A.B. asks: 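Before I ask anything, here is the structure I am working with.
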Amino acid sequence: MNELEQWRKDPLVIKLMAIEEVFWLNPHIDSFKSAVRMLSLHEDDVKDAEKRLERFAPYIAKVFPETNQAHGMIESPLVQIPSMKQSLEQKYLQPITGNLLLKCDSHLPISGSIKARGGIYEVLKHAEQLALQHGLLTVQDDYSILDSETCRDFFANYSIAVGSTGNLGLSIGIISAKLGFNVSVHMSADAKQWKKDLLRSKNVNVIEYEDDYSQAVEEGRREAEQDPTCYFVDDEQSQDLFLGYAVAAFRLKKQLAEQKITVDESHPLFVYLPCGVGGAPGGITFGLKLLFEDHVHCFFAEPTHSPSMLLGLLTGLHERISVQEIGLDNRTEADGLAVGRPSRLVSRMMKPLLSGSFTIDDDKLFTLLKELADAEGLFLEPSALAGMLGPIKLVQEGNHYLKANNLAEKMNNATHIIWGTGGSMVPEEEMMAYYRRGGTIK
Ligand SMILES: *Cc1c(COP(=O)(O)O)cnc(C)c1O
């Protein structure tokens with residue numbers, strides 16, 4: 001019997017195959033001190049990324065006026081959601097002890113999703129490298145000089161390609177076109193029409209495929225291989241994307257301090273992150289672990305139809321197994337999460353760092369979307385709600401974890417952060433359809 005057939009008999013895999021919601025605790029999690037020695041990336045790498053984003057801030061502020069107030073920092077608010085907390089407690093008959101906050105990456109400037117972190121960062125890094133090499137820029141310069149005909153003409157000699165289900169394409173497309181690059185976004189069948197239209201309106205070359213995300217990535221990679229001036233943003237294994245996301249943790253630490261929220265031995269932090277290929281939630285988890293070590297507990301959330309990271313970690317097969325191989329269709333309304341196979345880089349990095357993972361039914365994404373809109377007036381896209389039930393599931397199904405880590409008696413001091421990963425760019429009509437759908441589901 002081969003390995004895959006054996007896994008098909010595993011009780012948790014059987015549940016995954018039956019499209020049931022699951023909650024999984026990672027048996028391989030290690031203490032941070034011991035895990036960090038084995039990792040291929042380090043705190044200096046994240047600091048380097050943070051500094052690069054600071055160098056680019058004057059440019060960003062100049063070309064994206066919506067970032068002016070934040071001086072060119074692409075950052076989102078961290079807000080309390082007390083009415084949502086009450087609503088969840090009533091609906092699930094389960095108190096949520098501690099603080100409940102929402103990290104509003106749904107409202108990140110420029111591309112309205114978490115991809116405005118990693119995606120933009122990777123393109124900026126590539127642009128910086130080219131400009132430095134060709135003497136257009138020094139690291140001491142005010143980078144707003146990149147907003148010039150000369151620089152745009154220079155970047156027009158180069159192209160950028162990416163494969164995407166939508167949001168990564170938006171962020172890479174928008175920043176690349178702004179700098180002057182030729183940019184192609186290879187989009188999978190599930191990408192929304194409005195995203196394609198928006199990109200085309202910004203002179204981005206959008207290429208559509210009948211197949212899923214892996215196919216779009218493959219085509220993008222092929223295009224880039226044939227053209228030495230083409231740079232491929234590889235969502236399945238990019239370190240730069242990962243580091244761009246990791247910077248979020250450093251910023252979050254400041255926001256927590258500003259709000260006088262303590263994270264330490266007796267004040268645990270729980271973070272619930274929607275996961276697609278893994279770069280965004282993985283990068284943020286890595287950053288948070290660097291800062292808060294064993295006092296932060298990160299959980300990933302995936303749709304029941306696309307539990308790729310969970311399957312990769314659970315089986316230890318990482319990117320060598322896809323959800324299709326256990327009979328799942330990888331079809332979900334959750335943009336960005338319809339990924340059948342996890343990132344090779346990220347699944348390996350997460351093995352000793354991630355606390356656990358859970359899946360959520362698509363219907364619940366819509367009911368939660370409506371619930372959050374009604375309770376707090378915040379409109380997120382369906383994917384961004386994937387982590388919302390984390391605090392409830394943790395208490396109902398993760399008791400073992402709480403006990404094993406002496407957390408049970410500290411839960412009154414806990415902070416729970418739901419990472420809201422996208423939504424503000426969704427056209428109103430589309431959002432209203434989501435909202436209405438949330439009202440029709442029981
Ligand atoms: C891309 C995306 C995610 C997940 O990020 P990955 O890097 O693919 O794991 C979550 N939510 C939204 C809205 C996204 O666009």
Side-chain angles (χ1 to χ4, degrees), residues 76 102-108 110-122 162-174 185 187-188 190-192 195 212-214 216-217 233-246 248 271-287 298-303 306-310 312-313 319 330 332-347 349-350 354 357 360 365 368-369 379-388 390 418-426 430-431 434:
S76 76
L102 182 72
K103 179 62 177 161
C104 302
D105 275 7
S106 45
H107 292 72
L108 275 173
I110 304 176
S111 73
S113 85
I114 195 164
K115 303 296 192 310
R117 297 184 184 279
I120 290 178
Y121 172 73
E122 179 155 357
V162 65
S164 168
T165 61
N167 285 342
L168 185 64
L170 277 187
S171 96
I172 301 281
I174 292 171
V185 177
M187 279 189 152
S188 48
D190 50 314
K192 299 277 187 290
K195 294 184 183 175
D212 80 349
Y213 162 86
S214 302
V217 172
V233 177
D234 193 339
D235 198 19
E236 287 178 334
Q237 45 204 340
S238 163
Q239 286 200 5
D240 289 330
L241 278 177
F242 188 83
L243 293 170
Y245 291 122
V271 186
Y272 308 93
L273 301 129
C275 177
V277 73
I284 292 169
T285 294
F286 173 62
C298 298
F299 291 86
F300 285 179
E302 293 176 292
S306 307
S308 52
M309 184 63 75
L310 174 45
L313 286 172
E319 80 292 350
N330 191 28
T332 165
E333 294 281 348
D335 284 24
L337 308 189
V339 174
R341 194 184 287 282
S343 153
R344 174 188 165 80
L345 167 76
V346 180
S347 65
M349 293 276 289
M350 289 304 104
L354 193 67
S357 194
I360 179 162
L365 300 175
L368 288 165
L369 183 155
F379 288 81
L380 269 52
E381 61 185 275
S383 335
L385 278 306
M388 188 59 85
I418 310 297
W419 212 282
T421 46
S424 64
M425 301 270 282
V426 176
E430 203 102 359
M431 186 58 88
Y434 289 156

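These figures come from a predicted structure and were not determined experimentally. Remember, it's 1-based here, ligands and their atoms both numbered in the order they're listed.
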A.B. asks: Using 30° and 60° as the class boundaries, would you call the ring planes of Phe286 and Phe242 parallel, tilted or perpendicular?
C.D. replies: tilted

A.B. asks: Could you work out, with side-chain contact (heavy atoms from CB on, under 4.5 Å) as the rule, every residue matching Ala386, not counting sequence neighbours?
C.D. replies: Pro274, Ala301, Leu337, Ile360, Leu365

A.B. asks: Considering only N or O atoms, set out every pair between ligand 1 and the protein closer than 3.5 Å, with distances to one decimal place.
C.D. replies:
unit_1   : atom_1 : unit_2 : atom_2 : d
ligand 1 : 7 (O)  : Gly279 : N      : 3.1
ligand 1 : 7 (O)  : Ala280 : N      : 2.8
ligand 1 : 8 (O)  : Val277 : N      : 3.1
ligand 1 : 9 (O)  : Gly276 : N      : 2.8
ligand 1 : 9 (O)  : Val277 : N      : 3.3
ligand 1 : 9 (O)  : Gly278 : N      : 2.7
ligand 1 : 11 (N) : Thr421 : OG1    : 2.7
ligand 1 : 15 (O) : Lys115 : NZ     : 2.7
ligand 1 : 15 (O) : Asn167 : ND2    : 2.7

A.B. asks: Only counting residues at least two apart or in another chain, list the ones meeting side-chain hydrogen bond (donor to acceptor under 3.5 Å, both in side chains) with Glu333.
C.D. replies: Arg437

A.B. asks: Nearest heavy-atom pair of Leu380 and Leu369: which atoms, and what distance?
C.D. replies: O-CD1, 3.2 Å

A.B. asks: For Gln237, which residues count as a side-chain hydrogen bond (donor to acceptor under 3.5 Å, both in side chains) partner, sequence neighbours excluded?
C.D. replies: Asp234

A.B. asks: Do Asp240 and Tyr121 have side-chain heavy atoms sitting under 4.5 Å apart?
C.D. replies: yes

